[in-house]
Amino acid sequence: MKNSTNRMLTRIKSVYMFINEKGTVSTQELVDEFGITPRTIQRDLNVLAYNDLVSSPSRGKWTTTKKKIKLTS
């Protein structure tokens, strides 16, 4: 796997785990926590939402879904 792909997947996993731990977070909280652009966070959230792992109960807020997943290192 390419290094850039591995980095992206690691970041997306970290974003998911952060949301799961905090409950509901704003897009801006994610930008501040991970130090990346709002556009990059939005792309990561789109991947998670496409896979039914996060949902947006209101504009700019994100929470994890009830979908069961197995996290591996």
*Might you work through the side-chain contact (heavy atoms from CB on, under 4.5 Å) test for Leu48 and Ile12, ending with a clear yes or no?*
CA-CA 8 Å; Leu48 291 168; Ile12 290 173; 3.6 Å; yes

*Could you check Ser14 against Arg11 for side-chain contact (heavy atoms from CB on, under 4.5 Å), going step by step and ending with a plain yes or no?*
CA-CA 5 Å; Ser14 296; Arg11 187 183 65 242; 5.5 Å; no

*CA sep, side-chain torsions, deciding dist, call: Ile19, Leu53, side-chain contact (heavy atoms from CB on, under 4.5 Å)*: CA-CA 10 Å; Ile19 298 169; Leu53 296 173; over 6 Å; no

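Looking at Thr24, its side chain never comes within 3.5 Å of a backbone N or O of Thr63 through a donor-acceptor pair. Although no hydrogens or angles enter the test, the distance criterion places no donor-acceptor pair under 3.5 Å between the side chain of Ser26 and the main chain of Gly60. A donor-acceptor pair is defined here as one N or O able to donate and one able to accept, closer than 3.5 Å; no such pair exists between the side chain of Thr40 and the backbone of Ile36. A side-chain donor-acceptor contact under 3.5 Å links Asn51 to the backbone of Val47.
To the nearest 0.5 Å, the span separating CE on Met8 from CG on Asn3 amounts to 12.0 Å. To the nearest 0.5 Å, the span separating CG on Asp44 from CZ on Arg39 amounts to 10.0 Å. Atom CD1 in Ile41 sits 10.5 Å away from atom CH2 in Trp62 (nearest 0.5 Å). If you take CG on Leu30 and CD on Gln42, they are separated by 10.0 Å, rounding to the nearest 0.5 Å. Here the NZ atom belonging to Lys22 is positioned 8.0 Å from the CD atom belonging to Glu29, to the nearest 0.5 angstrom.
A donor-acceptor contact closer than 3.5 angstrom links the side chains of Asn20 and Thr64.
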